[in-house]
Amino acid sequence: MRATSSTNITTSAASRTHWSTTVPDLGRRSCGALTASDVGATVQLDGWVNRRRDHGGLIFIDLRDRDGITQAVFDPSQAEAFAVAETLRNEDVVRVRGLVRRRPAGTENPKLSTGEVEVAAEGVDVLNRSLVPPFPINVEADVDESLRLKYRYLDLRRPRLQHNLTVRHKILKAIRDFFDARDFLEIETPCLIKSTPEGARDFLVPSRLHQGTFYALPQSPQILKQLLMIGGLGRYMQIARCFRDEDTRADRQPEFTQLDVEMSFVDEDAVTALMEECIVYTWRTAIGVEIPQPVPRLAHAEALRRYGSDKPDLRFELELVDVAEAFAGTPIKFLQEHAASDASRIVAVRYPGGAALSRRDFDELTETAKSFGAGGLIWLSYAADGWKASIQKLLDDATVDKLQTATSSQTGDALLLVAGPRDLASDVAGKLRLHVGERLGLRDPEKFAFCWVVGFPLFERDPETGALTPTHHPFTSPAPGQEALLDTDPLSMRAQHYDLVLNGSELGSGSIRIHDPEFQRRIFEIFGLSDAEIEARFGFFMEALRYGAPPHGGMAWGIDRLAMLACGETSIRDVIAFPKNQTFRDVMMDAPSSVPVDLLRDLGLALKTKPPG
RNA sequence: GGCGCUGUAGCUCAGUUGGUUUAGAGCGCCGCCCUGUCACGGCGGAGGUCGAGGGUUCGAGCCCCUUCAGCGUCGCCA
């Protein structure tokens with residue numbers, strides 16, 4: 001579903017009338033260009049038959065191209081053209097010549113930009129015929145996505161995808177213009193690189209010339225852009241393709257596009273300030289939306305406390321409220337324990353108007369909370385005739401009043417209470433907050449609420465193994481002056497890391513990088529790498545750090561998601577020209593697919609698993 | 001990888017408790033008619049391995065098992 005289908009894409013006057021390189025052909029027009037001021041001109045239109053309305057003695061052909069739709073009228077007085085028009089069908093490709101004339105009074109079509117006029121056809125060439133398309137091109141019908149993907153070239157003819165790809169182009173153009181104006185160089189980095197143990201699984205490319213060895217496709221240009229800084233390029237950007245061989249998931253593609261940026265001699269404030277300017281400029285230029293500045297900055301801990309998420313949706317308030325105090329003397333044992341423990345939280349999510357919900361609604365909310373990982377949910381409602389709660393008999397008026405004051409609840413509101421270990425309670429409450437926001441229609445897709453989240457911990461504990469792992473990637477520098485904590489209290493270290501968040505989605509993240517080789521080596525060690533592994537996998541990088549690596553930092557944005565949100569779409573597949581489906585297959589080309597045995601032999605490979613089919 | 005939902009005409013879908021003959025509808029498609037439509041209109045027509053395989057039953061689109069595909073969701077993805 002598109003929420004911002006009304007977003008206007010304006011096309012410049014020049015491209016409207018002459019978007020072909022065909023010269024000289026002064027009569028050539030796009031199908032969205034003609035207006036009353038063209039009346040009297042003889043023109044030529046090339047396009048697809050969007051629809052034919054055959055009245056027997058008069059035939060209307062709606063001619064469509066990317067720019068719009070123009071009505072051509074065929075009259076028996078032009079016998080030859082009329083005879084051709086009788087044979088036209090949807091998606092045939094035609095060239096129509098004729099005179100632009102004003103439509104008869106009362107027959108104008110206000111739905112078309114060209115609706116005041118029509119072309120009285122004098123001649124028509126059929127440039128190509130079309131089979132009957134497997135799904136309608138000329139109406140916004142609901143079509144199974146796998147069918148759309150199989151015939152992607154037909155889906156691309158529809159206005160929705162043409163609009164989305166236009167917006168995406170404008171975003172990329174705005175970004176490039178922005179960085180070009182600030183002395184950044186767009187530098188291409190290779191796609192055939194070395195496999196390095198990073199976060200995700202690498203795609204591998206077997207080498208024919210060096211059998212038994214493999215290139216890896218980059219998960220991101222991370223190391224390469226750091227090497228560009230060591231190479232003294234100073235300011236780099238790239239619209240880069242990245243590849244990760246991970247398990248499938250909604251809104252994930254095995255290849256995706258990143259804006260990649262890196263700068264030397266900068267600190268966190270410099271990078272975030274620049275990137276903030278960039279997003280403001282991009283939104284303004286690409287979709288005409290002004291982002292209020294400054295973009296709010298939230299500390300990581302603060303984001304978790306107030307919103308229960310490190311990527312909070314700031315389109316609405318409904319902040320979480322800690323209410324442990326109200327339960328200090330409660331007879332309810334588990335609440336009393338959580339209230340007393342520093343490792344726990346008791347969090348209230350206010351549900352405006354929630355007192356009107358039925359018992360059954362609250363039961364459903366409880367199930368929802370459980371699906372988020374909660375042990376259970378306590379609800380409390382402030383109805384006009386008194387309060388009600390899931391633990392009615394265990395609550396007293398004083399506690400209920402305290403809760404109402406603490407959460408600024410009004411009569412008619414409800415509270416959803418979650419108690420548990422700090423991280424879990426925050427997470428569940430944060431998800432409930434989003435759920436309530438969703439139910440109340442507060443997550444308006446036409447609203448854009450950006451924020452920065454900063455001050456992430458440098459390390460976290462792997463919940464399964466208990467081992468220390470970098471919160472983001474192993475190249476992130478700790479906050480200035482904290483290096484010594486590595487030996488004493490690593491979990492207290494803050495990272496010079498920053499996330500840009502939009503409407504509850506992480507759009508991108510960046511950091512100031514480590515440029516000290518010894519410190520980098522120690523981080524790799526914590527990452528679980530032995531000296532031998534560091535040498536084998538990152539030896540080239542470690543060596544580079546020793547040749548005068550400048551301080552540097554940067555950021556990367558997910559362009560697919562950015563474009564998706566800008567277009568008001570809910571799937572990144574709708575802003576990618578040729579996406580893979582949910583199982584990462586290209587159903588149009590049929591990829592991945594088996595290959596001839598000779599190719600494998602040339603590569604020195606043999607299959608252990610027979611390909612299907 | 002786990003769980004859930006879906007699979008019937010080209011498309012979007014209906015199909016009752018397992019039992020009316022030839023499995024329906026709208027759109028699309030084909031033919032004929034129609035000079036102001038723009039979701040044109042009128043009349044007529046074609047079009048189905050009910051995802052695949054197996055089972056239960058006198059009888060299966062419907063129930064059971066297996067399998068394939070798609071979608072959604074969670075794990076996973078620095």
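To find a chain, count down the sequence lines: A is the first, B the second, and so on, and within it residues start at 1. Computed from a predicted model, the values in this text were never measured in an experiment.
- Rounding to the nearest 0.5 angstrom, the gap separating the CZ atom in A:Phe82 from the CD atom in A:Glu86 is 4.5 Å.
- Partner A:Arg101 forms a salt bridge (Lys or Arg N to Asp or Glu O under 4.0 Å) with one of A:Glu118, A:Glu122, A:Glu116 and no other, that one being A:Glu118.
- With distances taken from any side-chain atom of A:Gln582 to the nucleotides B:rG36, B:rG72, B:rC77, the minimum falls on B:rG72.
- In the set B:rA69, B:rG36, B:rC77, the nucleotide with an atom closest to the side chain of A:Thr107 is B:rG36.
- For the residue pair A:Asn109/A:Gln71, the side-chain donor-acceptor check at 3.5 Å is not satisfied.
- Distance noted for atom P between B:rU12 and B:rC29: 16 Å (whole Å).
- Using P as the reference atom, B:rG53 and B:rC68 are 15 Å apart when rounded to the nearest Å.
- Residues A:Arg585 and A:Leu112 both approach RNA chain B. Their nearest nucleotides, taken by heavy-atom distance, put A:Leu112 toward the 5′ side.
- Comparing the P positions of B:rC34 and B:rG42 gives an interatomic distance of 16 Å, to the nearest angstrom.
- Under 4.0 angstrom from either OP1 or OP2 of B:rG70 there lies no side-chain N or O belonging to A:Lys150.
- Residue A:Asn109 is classed as a base contact, given a heavy-atom separation below 4.0 Å to a base.
- Here the separation of B:rA52 from B:rA69, taken at their P atoms, is 15 Å to the nearest Å.
- Rounded to an integer number of Å, the gap from A:Phe372 CZ to B:rG75 P is 11 Å.
- Counting any heavy atom pair closer than 4.0 Å across all strands shown, A:Ala250 reaches sugar-phosphate atoms only and no base atom.
- For A:Asp499 and B:rA78, the CG to P distance is 13 Å, given to the nearest whole Å.
- Take the nearest nucleotide of RNA chain B for A:Glu118 and for A:Glu246: the residue whose nucleotide is more 5' is A:Glu118.
- Among the protein residues, A:Glu460 comes within range of no part of the nucleic acid, since none of its heavy atoms lies under 4.0 Å from any strand.
- Here B:rC40 presents its P atom at 11 Å from CD1 of A:Ile61, a figure rounded to the nearest Å.
- Rounded to whole Å, the separation between the P atoms of B:rC65 and B:rG18 comes to 15 Å.
- Contact annotation: the side chain of A:Arg443 approaches that of A:Leu434 to within less than 4.5 Å [non-hydrogen atoms, C-beta and beyond].
- Regarding A:Leu88, its CG atom lies at a distance of 13 Å from the P atom of B:rC29, rounded to whole Å.
- The same atom, C1', is picked in B:rC62 and in B:rG19; the two are 12 Å apart, to the nearest Å.
- The only option from A:Lys150, A:Arg573, A:Gln582 that meets the side-chain hydrogen bond (donor to acceptor under 3.5 Å, both in side chains) definition with A:Glu145 turns out to be A:Arg573.
- Closest to the side chain of A:Leu147, out of B:rG36, B:rC11, B:rG70, is B:rC11.
- The side chain of A:Phe60 approaches B:rG36 more closely than any other nucleotide in the set B:rA78, B:rA39, B:rG36.
- Using a 4.0 Å cut-off between charged side-chain N and carboxylate O, A:Asp92 and A:Arg52 make no salt bridge.
- Counting any heavy atom pair closer than 4.0 Å across all strands shown, A:Phe135 reaches no nucleic acid atom.
- Closest contact between the side chain of A:Arg89 and the listed nucleotides B:rC71, B:rC30, B:rC38 involves B:rC30.
- The separation of B:rG28 from B:rG10, taken at their C1' atoms, amounts to 7 Å, rounded to a whole angstrom.
- No engagement by A:Ser571 is indicated, since no non-hydrogen atom pair under 4.0 Å with the nucleic acid exists.
- Listed candidates were B:rC38, B:rG36, B:rG10. Nearest to the side chain of A:Arg53 is B:rC38.
- Within the 4.0 angstrom heavy-atom criterion, base atoms lie near A:Glu108.
- Among the heavy atoms of the strands lying under 4.0 Å from A:Asp54 is at least one base atom, whether or not backbone atoms are also near.
- Nearest to the side-chain atoms of A:Arg252 among the listed nucleotides B:rC38, B:rC77, B:rG10 stands B:rC77.
- Counting distance only, with no hydrogens placed and no angle test, the side-chain atoms of A:Arg103 and the base atoms of B:rU37 include a donor-acceptor pair under 3.5 Å.
- Taking atom CZ of residue A:Arg561 and atom C1' of nucleotide B:rC77, one finds them 12 Å apart after rounding to whole Å.
- Residue A:His472 places its side chain closer to B:rA78 than to any other of B:rG31, B:rG70, B:rA78.
- Listed candidates were B:rG72, B:rC11, B:rG1. Nearest to the side chain of A:Arg573 is B:rG72.
- Stacking between A:His55 and B:rU37 is absent: the aromatic ring centre is not both under 5.5 angstrom from the base six-membered ring centre and within 30 degrees in plane angle.
- Separation of atoms CE (A:Met555) and CG (A:Leu507) is listed at 8.0 Å; rounding is to 0.5 Å.
- Note on A:Pro104: a base of the nucleic acid sits closer than 4.0 angstrom, heavy atoms only.
- With both ends at atom C1', the span from B:rC63 to B:rU57 equals 10 Å, rounded to whole Å.
- A:Arg513 comes within contact range of no nucleotide atom at all, as no heavy-atom separation falls under 4.0 Å.
- As judged by a 4.0 angstrom heavy-atom cut-off over every strand, A:Thr583 is placed among residues touching the sugar-phosphate backbone only.
- Across all strands, A:Ser509 comes closer than 4.0 Å to no nucleic acid atom at all (heavy-atom distances).
- Atom CZ of A:Arg201 has 12 or fewer neighbouring heavy atoms from other residues, nucleotides or ligands inside a 6.0 Å radius.
- Judged by distance alone, with hydrogens and angles left aside, A:Asn90 brings no side-chain donor or acceptor close enough to the base of B:rG28 to form a pair under 3.5 Å.
- Base pairing analysis places B:rC71 opposite B:rG4; the two distances defining the Watson-Crick or G-U wobble pair are each below 3.5 Å.
- The number of heavy-atom neighbours closer than 6.0 Å to CZ of A:Phe203, taken from other residues, nucleotides and ligands shown, is above 12.
- With distances taken from any side-chain atom of A:Arg51 to the nucleotides B:rG70, B:rC11, B:rA39, the minimum falls on B:rA39.
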